[in-house]
Visitor: 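What follows is a structure written as structure tokens; I'll ask about it next.
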Amino acid sequence: LEQAALEEFSKYTYDQISINRIIQGIDMPRGSFYLYFNDKEDLYLYIFRKYHNILLDFISNIILKNDNDLIGIYQNIFLSIIEYGVAGYHKDLLKKFFIGLNHNIENKVFKVSLCGENDELYKIFEEKFNDEFGKDLINILDLLTNILIHCLAEYYILNLDLDLVKTKFNKQINIVRKGIYK
């Protein structure tokens with residue numbers, strides 16, 4: 001069921017996803033689907049949470065293994081997500097994810113994924129960078145995360161050239177590193 005759902009999510013945006021196609025593809029009775037999930041949204045959020053947790057573990061390792069260069073950590077996160085998505089299957093999955101978010105599902109997805117002050121990722125960043133940035137840390141992380149997500153969206157949604165997106169990301173992230181006024 002999970003593999004069939006991932007294949008469906010790679011081909012269609014959220015609003016286009018069909019439970020019928022998923023269950024017909026694996027010869028599952030419709031009633032059996034509802035033993036596991038309430039509806040399409042429940043399945044979608046289940047898959048998102050699973051991949052979100054994998055991503056969190058992956059990012060946590062990047063944070064912990066890197067030196068104390070916050071910008072360098074975000075550059076590694078960006079490159080790692082791009083490398084993960086270069087493979088056709090993952091690229092299609094990520095593209096459909098970015099394109100297909102409607103307001104309702106977007107609120108639920110980002111409620112799970114935002115790096116807020118109670119989030120595990122924030123706690124790792126805080127432990128590593130609180131002495132350097134103090135109360136500004138959450139705002140710095142928010143700024144860096146927005147640059148990251150914006151550039152990923154340009155790559156996955158707008159199909160911009162990978163080298164162009166990498167260049168843009170690095171220019172924006174270096175503006176943060178150096179500051180506007182030098």
Side-chain angles (χ1 to χ4, degrees), residues 6 9-14 16 47-48 50-103 105-107 109-117 119-182:
L6 285 171
F9 297 171
S10 295
K11 294 177 185 172
Y12 302 99
T13 62
Y14 178 79
Q16 298 167 332
I47 297 290
F48 176 79
K50 181 175 181 174
Y51 277 85
H52 179 256
N53 289 334
I54 291 168
L55 182 63
L56 287 180
D57 289 342
F58 183 73
I59 292 172
S60 296
N61 286 330
I62 291 172
I63 297 166
L64 294 171
K65 289 179 182 177
N66 271 284
D67 57 8
N68 289 335
D69 178 8
L70 183 58
I71 301 292
I73 288 171
Y74 266 83
Q75 288 171 315
N76 285 331
I77 292 169
F78 174 76
L79 291 174
S80 297
I81 293 172
I82 289 291
E83 287 173 16
Y84 178 78
V86 166
Y89 176 76
H90 296 297
K91 183 176 183 180
D92 292 341
L93 184 64
L94 290 167
K95 180 177 183 167
K96 295 301 181 192
F97 169 75
F98 276 108
I99 291 173
L101 291 176
N102 64 36
H103 183 67
I105 199 76
E106 183 178 354
N107 284 339
V109 162
F110 286 107
K111 185 176 182 182
V112 171
S113 65
L114 288 177
C115 186
E117 291 187 36
D119 184 71
E120 289 176 42
L121 274 184
Y122 177 76
K123 290 176 184 171
I124 295 169
F125 276 118
E126 183 178 42
E127 191 173 298
K128 195 161 190 159
F129 295 104
N130 194 47
D131 290 343
E132 186 175 356
F133 300 111
K135 293 180 182 178
D136 290 329
L137 180 61
I138 191 74
N139 293 313
I140 294 167
L141 293 175
D142 189 43
L143 176 65
L144 295 173
T145 301
N146 283 323
I147 293 170
L148 175 80
I149 290 172
H150 180 77
C151 287
L152 290 172
E154 286 186 332
Y155 176 66
Y156 289 112
I157 296 174
L158 299 178
N159 292 317
L160 292 183
D161 177 69
L162 180 56
D163 289 332
L164 177 68
V165 173
K166 285 180 180 179
T167 299
K168 183 176 182 176
F169 176 80
N170 285 320
K171 283 182 179 181
Q172 291 179 354
I173 211 93
N174 281 324
I175 289 171
V176 174
R177 181 187 299 278
K178 295 175 184 175
I180 296 174
Y181 302 105
K182 298 176 187 168

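Any value given below was found using the heavy atoms of this structure, including those in side chains, with hydrogens, waters and symmetry copies removed.
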Visitor: How long is the gap from CG on L64 to NZ on K128, to the nearest 0.5 Å?
Guide: 6.0 Å

Visitor: Taking side chain to side chain contact (heavy atoms under 4.5 Å, CB included) as the test, write out the residues that go with S60, two or more places apart.
Guide: L121, I124

Visitor: Could you measure the distance from the CD1 atom of I147 to the CG atom of D142? Nearest 0.5 Å is fine.
Guide: 10.5 Å

Visitor: Please round to the nearest 0.5 Å and tell me the distance separating atom CD1 of I82 and atom CD1 of I77.
Guide: 13.0 Å

Visitor: List the residues meeting ring pair (Phe, Tyr, Trp, His ring centres under 6.0 Å) with F169, not counting sequence neighbours, and say none if there are none.
Guide: F78

Visitor: Should N139 and F133 count as side-chain neighbours, where that means a heavy-atom distance under 4.5 Å?
Guide: no

Visitor: With sequence neighbours left out, write down each residue that passes side-chain hydrogen bond (donor to acceptor under 3.5 Å, both in side chains) with N76, or none if nothing qualifies.
Guide: N66

Visitor: In chain order, what residues pass the salt bridge (Lys or Arg N to Asp or Glu O under 4.0 Å) check against D69, with sequence neighbours excluded?
Guide: R177

Visitor: Which atom names give the shortest non-hydrogen contact between Q75 and N174, and what distance separates them?
Guide: NE2-OD1, 4.4 Å

Visitor: Does the side chain of I173 reach to within under 4.5 Å of the side chain of L148, using non-hydrogen atoms?
Guide: no

Visitor: Would a 4.5 Å heavy-atom cut-off, applied to side chains only, mark I175 and K171 as touching?
Guide: no

Visitor: What is the distance from atom CG of D57 to atom CD1 of I62, rounded to the nearest 0.5 Å?
Guide: 11.5 Å

Visitor: Given C151, which partner from the list N170, V165, I81 fulfils the side-chain contact (heavy atoms from CB on, under 4.5 Å) test?
Guide: V165

Visitor: Can you sort out the partners of K166 under salt bridge (Lys or Arg N to Asp or Glu O under 4.0 Å), two or more places apart, ordered by chain and number?
Guide: none

Visitor: Indicate yes or no: at least one non-hydrogen side-chain atom of I71 is less than 4.5 angstrom from one of L144.
Guide: yes

Visitor: Quick one: list whatever passes salt bridge (Lys or Arg N to Asp or Glu O under 4.0 Å) with K168, sequence neighbours left out.
Guide: E154

Visitor: Quick one: list whatever passes side-chain hydrogen bond (donor to acceptor under 3.5 Å, both in side chains) with Q16, sequence neighbours left out.
Guide: T13

Visitor: Taking all non-hydrogen atoms of both residues into account, name the closest pair between L137 and N130 and its distance.
Guide: CD2-N, 4.5 Å

Visitor: Atom CG in L143, atom CD in Q172: separation rounded to 0.5 Å?
Guide: 9.5 Å

Visitor: Going by side-chain hydrogen bond (donor to acceptor under 3.5 Å, both in side chains), name the residues that satisfy it together with K11, two or more places apart in sequence or in a different chain.
Guide: none

Visitor: Looking at residues at least two apart in the chain, or sitting in another chain, which of them share a side chain to side chain contact (heavy atoms under 4.5 Å, CB included) with D131?
Guide: none

Visitor: So do T145 and Y74 actually touch side chain to side chain, heavy atoms under 4.5 Å?
Guide: yes

Visitor: Could you give the side-chain donor-acceptor pairs of residues 157-164 under 3.5 Å, partners two or more places apart or in another chain?
Guide:
residue	atom	partner	partner atom	Å
N159	OD1	K95	NZ	3.4
D161	OD2	D163	N	3.2
D161	OD2	L164	N	3.2

